[in-house]
Protein chains: 2
Amino acid sequence: MISTTLLKLHGKPGEKTYSEVTMVTIKQVSEKAGVSSATVSRVINDTGTVKQKTRELVMQAMAELGYRHNVVAASLASNKTHTIGYVVPELHGSFFGAMMGGTEQALRQAKKHMLIATGHSDAQIEKEQIDALLSRRCDALILHVEAVSDEYLVSLVHQGVDLVVVNRFIEEIGDNCISLDNVKGGYLATRHLLDIGHTQIAYIAGSLFKADGKKRLTGHQQALADMGVEYTDNLTYEGNFQAKSGTEGIRALVARGAKFTAVACANDEMASGAMIALRELGRRMPEDVSVIGFDNVDFASYLSPGLTTIDYPVQKIGSMAAHWVLERVYGHSHHEYQHILSPRLILRGSTSSPE
Amino acid sequence: MISTTLLKLHGKPGEKTYSEVTMVTIKQVSEKAGVSSATVSRVINDTGTVKQKTRELVMQAMAELGYRHNVVAASLASNKTHTIGYVVPELHGSFFGAMMGGTEQALRQAKKHMLIATGHSDAQIEKEQIDALLSRRCDALILHVEAVSDEYLVSLVHQGVDLVVVNRFIEEIGDNCISLDNVKGGYLATRHLLDIGHTQIAYIAGSLFKADGKKRLTGHQQALADMGVEYTDNLTYEGNFQAKSGTEGIRALVARGAKFTAVACANDEMASGAMIALRELGRRMPEDVSVIGFDNVDFASYLSPGLTTIDYPVQKIGSMAAHWVLERVYGHSHHEYQHILSPRLILRGSTSSPE
DNA sequence: AGTTTAAGTGTAAGCGCTTTCATTTTTTAT
DNA sequence: ATAAAAAATGAAAGCGCTTACACTTAAACT
């Protein structure tokens with residue numbers, strides 16, 4: 001319906017939209033340059049062999065006509081879109097932005113683009129979005145999905161879909177997963193508290209039905225065991241990863257008469273909530289009680305005292321995912337990646353030796 | 001090169017990638033359903049008229065064959081990609097995620113997708129990205145670009161490119177811009193301080209070569225003027241929107257002997273930096289000095305005291321941009337949008353009447 | 001029953017590009 | 001100079017879909 005010839009343009013004059021008005025084709029370029037369209041394609045894609053002389057001729061013609069490559073047509077013909085589909089739960093907050101930033105940086109150099117969709121932690125929506133991205137023929141998918149089952153993802157991989165699952169580990173397709181060692185993170189946090197002399201350590205856990213919540217707690221327990229400190233449920237409170245549950249956690253622990261000189265939290269939000277409760281109770285930090293978080297979110301350093309925490313290398317996870325795709329899907333070599341990343345301790349003012 | 005017939009498949013067995021292995025076409029569906037491919041297209045797109053009976057036949061055939069619509073081919077044929085190109089300076093941080101989130105929410109219902117690119121506040125890169133998105137034949141662009149000139153954007157619009165510029169106002173293409181009333185924001189902040197009784201108000205400005213920095217300062221000055229308080233350069237410090245410059249700002253102001261009971265900052269980062277310096281100087285907040293920020297970033301509420309600030313409705317800007325596109329490019333009506341959004345005051349603990 | 005009008009389908013021509021294969025031109029080796 | 005090999009190029013067949021346009025069938029009027 002929309003054509004190259006201006007004659008066929010519809011709509012009132014002055015209202016021609018971009019795609020209607022300019023559509024110089026490879027054909028026109030080839031005619032102007034006196035070569036075949038195949039040759040023009042070759043210079044555009046830098047494939048095959050083209051004499052320097054002809055290449056210049058073509059470039060000249062493209063410049064003069066104001067040619068713009070039509071990637072859609074190229075994708076159809078070549079069956080490659082150079083596009084990565086990306087599904088994340090949400091766009092707001094700093095976590096996914098950082099992750100996508102890591103991916104984008106690696107992908108930009110390779111001239112790949114990202115098509116972004118949100119899954120809202122809803123299985124139905126997640127599937128629809130994956131479907132839509134597949135319909136758009138993305139060359140690969142990067143998925144941070146939370147509601148969809150392991151089996152579903154496994155089946156996609158078995159169908160031959162090139163995808164990498166981030167921040168989630170599925171044994172059966174471990175090679176397609178890139179995730180953080182959460183047990184180690186939990187271990188590192190509590191180990192730090194133990195190392196500086198604490199023995200009475202409360203723990204505010206994340207939702208235990210979530211893999212991350214459970215693993216971080218496991219790490220906490222392992223650290224205690226390693227250092228010969230007995231673990232007790234009395235010192236543990238199960239929160240839900242929200243700031244408020246950190247506040248409630250401290251109140252609940254105090255209410256049940258738990259004695260502690262330090263508290264480890266399964267994420268920074270809960271740690272900040274815990275700090276609010278501790279301040280209300282008149283406990284100084286870190287003098288009376290040390291607090292450690294997990295994730296190292298942006299605001300951790302803005303809290304006072306600055307929050308000691310475990311760094312979640314989220315940007316790195318994003319870039320690892322990109323490297324996986326570059327190496328596995330596009331066959332670019334020299335793109336190394338690991339499947340399990342290690343967290344590390346970030347020391348700030350919220351922890352110190354007990355007095 | 002890659003074809004439907006399995007015969008032509010290359011690569012080792014078991015390594016067939018998704019796109020190679022499955023490619024049921026509309027043709028095959030049409031044969032199975034005993035109709036023409038035009039009819040299949042009609043049911044897929046819900047265009048034209050199709051008898052209920054045939055529609056079911058086609059749906060059935062699609063289900064049985066596991067048909068997946070090829071959006072790339074459809075885009076080429078229809079000259080519509082249902083894709084919006086999005087350029088932001090960076091992906092990390094919470095600002096652009098919130099904005100894109102606002103856009104995505106509005107776009108998802110309309111089944112449009114976002115192709116995301118980063119411009120890194122570099123004119124060269126910004127242009128390249130815009131170019132790439134145009135080559136991918138995005139139906140429209142949403143641009144938060146900082147380095148590229150007004151003229152460049154104006155010329156794109158004049159070329160017929162459907163684009164909306166966010167967080168930036170360009171008179172000549174005002175209809176394509178969606179931005180915040182920064183003057184009003186600056187006004188609101190200082191007006192609040194004045195209203196609660198302050199008269200000695202320091203101002204830590206953002207970079208004044210940036211439009212936002214300048215406008216916020218203008219608002220500050222207008223508020224002073226409105227309330228009959230004289231503006232003096234001695235109480236103003238030009239920062240650069242970074243936290244550190246807030247700290248330096250306070251130090252510089254104090255060093256030059258400025259007297260103030262409140263300080264307004266051009267953004268929250270600088271406000272948090274200012275709070276650090278004030279705390280070092282032993283000034284209590286808000287008792288000795290009130291602090292107000294601008295933007296209402298995530299961590300503003302985590303600071304102690306909570307930071308009173310001006311809300312930047314970034315998510316709303318994102319959704320306005322989406323509505324603009326939906327209305328103007330896709331002709332969906334009932335999508336209202338405004339070009340200039342109003343900021344509003346967010347009261348927290350960092351401001352109070354002077355003692 | 002005979003027209004009109006509307007509804008439902010099919011035919012086929014693209015959309016702008018890539019890529020195989022055959023052919024021509026150039027280079028290198030004899 | 002000539003044969004053989006390598007480098008350049010062109011012709012043409014798609015990629016999978018949309019969409020005028022023509023046509024057939026069904027419904028709605030006289």
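The figures here come from the full heavy-atom set of this structure, side chains too, leaving out hydrogens, waters and symmetry mates. The chains referred to below are lettered A, B, ... by the order of the sequence lines, with proteins before strands, and numbering in each begins at 1.
- The side chain of A/Asn79 contributes no N or O atom lying less than 4.0 Å from OP1 or OP2 of C/dT18.
- Note: CD1 (B/Ile26) to P (C/dT11) measures 15 Å, nearest angstrom.
- For B/Ser37 and D/dG16, the shortest distance from a side-chain N or O to OP1 or OP2 is not below 4.0 Å.
- The CD atom of B/Gln52 sits 18 Å away from the C1' atom of D/dA27 (whole-angstrom rounding).
- Close to C/dG10, at under 4.0 Å from its OP1 or OP2, lies a side-chain N or O of B/Thr39.
- Atom C1' of nucleotide C/dA7 and atom CZ of B/Arg55 are separated by 13 Å, given to the nearest angstrom.
- Nearest nucleotide to the side chain of A/Ala38, out of D/dC21, C/dT19, C/dT18: C/dT19.
- Within the structure, the ring-ring contact (aromatic ring centres under 6.0 Å, His included) test picks out no pair touching residues 28-62 of chain A (sequence neighbours left out).
- Between C/dC17, D/dA20, C/dG8, one nucleotide has an atom nearer to the side chain of A/Tyr67 than all others, and that is C/dC17.
- The side-chain contact (heavy atoms from CB on, under 4.5 Å) test applied to B/Val157 returns B/Leu163, B/Ile173, B/Asn176, not counting sequence neighbours.
- Side chains of A/Thr118 and A/Glu90: no donor on one and acceptor on the other come within 3.5 Å.
- No side-chain donor from either of A/Arg42 and A/Thr49 sits under 3.5 Å from a side-chain acceptor of the other.
- What separates NZ of B/Lys27 from P of D/dG14 is a distance of 12 Å, to the nearest Å.
- Between A/Lys53 atom NZ and D/dA8 atom C1' the separation is 16 Å, expressed in whole Å.
- Rounding to whole angstrom units, CG of residue B/Asn45 and P of D/dT19 are separated by 7 Å.
- Using a 4.0 Å cut-off, no side-chain N or O of A/Thr49 falls inside it from OP1 or OP2 of D/dT9.
- Residue A/Asn70 places no side-chain N or O under 4.0 Å from the OP1 or OP2 atom of C/dC15.
- A salt bridge links A/Arg55 to A/Asp46: at least one charged side-chain nitrogen sits closer than 4.0 Å to a carboxylate oxygen.
- Counting to the nearest Å, the P atom of D/dC17 and the CD1 atom of B/Ile44 are 6 Å from each other.
- Judged by closest nucleotide on DNA chain D, A/Leu76 is the one of A/Leu76 and B/Ser75 placed further toward the 5' end.
- Using a 4.0 Å cut-off, no side-chain N or O of A/Ser41 falls inside it from OP1 or OP2 of C/dC17.
- Rounded to whole Å, atom P of C/dG16 lies 14 Å from atom CG of A/Leu65.
- For A/Arg42, counting side-chain heavy atoms from C-beta on, the closest listed nucleotide (C/dT9, D/dT9, C/dC15) is D/dT9.
- The nearest heavy atom of DNA chain C to B/Lys51 and to B/Ala73 marks one nucleotide each, and the one closer to the 5' end goes with B/Lys51.
- Using a 4.0 Å heavy-atom criterion, one finds that B/Val35 contacts the sugar-phosphate atoms exclusively.
- With hydrogens and angles ignored, no donor-acceptor pair under 3.5 angstrom links the side chain of B/Arg137 to the base of C/dG16.
- Note on A/Thr54: only backbone sugar-phosphate atoms sit closer than 4.0 angstrom, heavy atoms only; bases stay farther off.
- Looking only at atom types and distance, the side chain of A/Gln60 has no donor-acceptor partner in the side chain of A/Glu56 under 3.5 Å away.
- You won't find any donor-acceptor pair under 3.5 Å spanning the side chain of A/Arg68 and the base of C/dG16, going by distance alone.
- Between B/Ser36 and C/dG10, a side-chain N or O to OP1/OP2 separation shorter than 4.0 Å is present.
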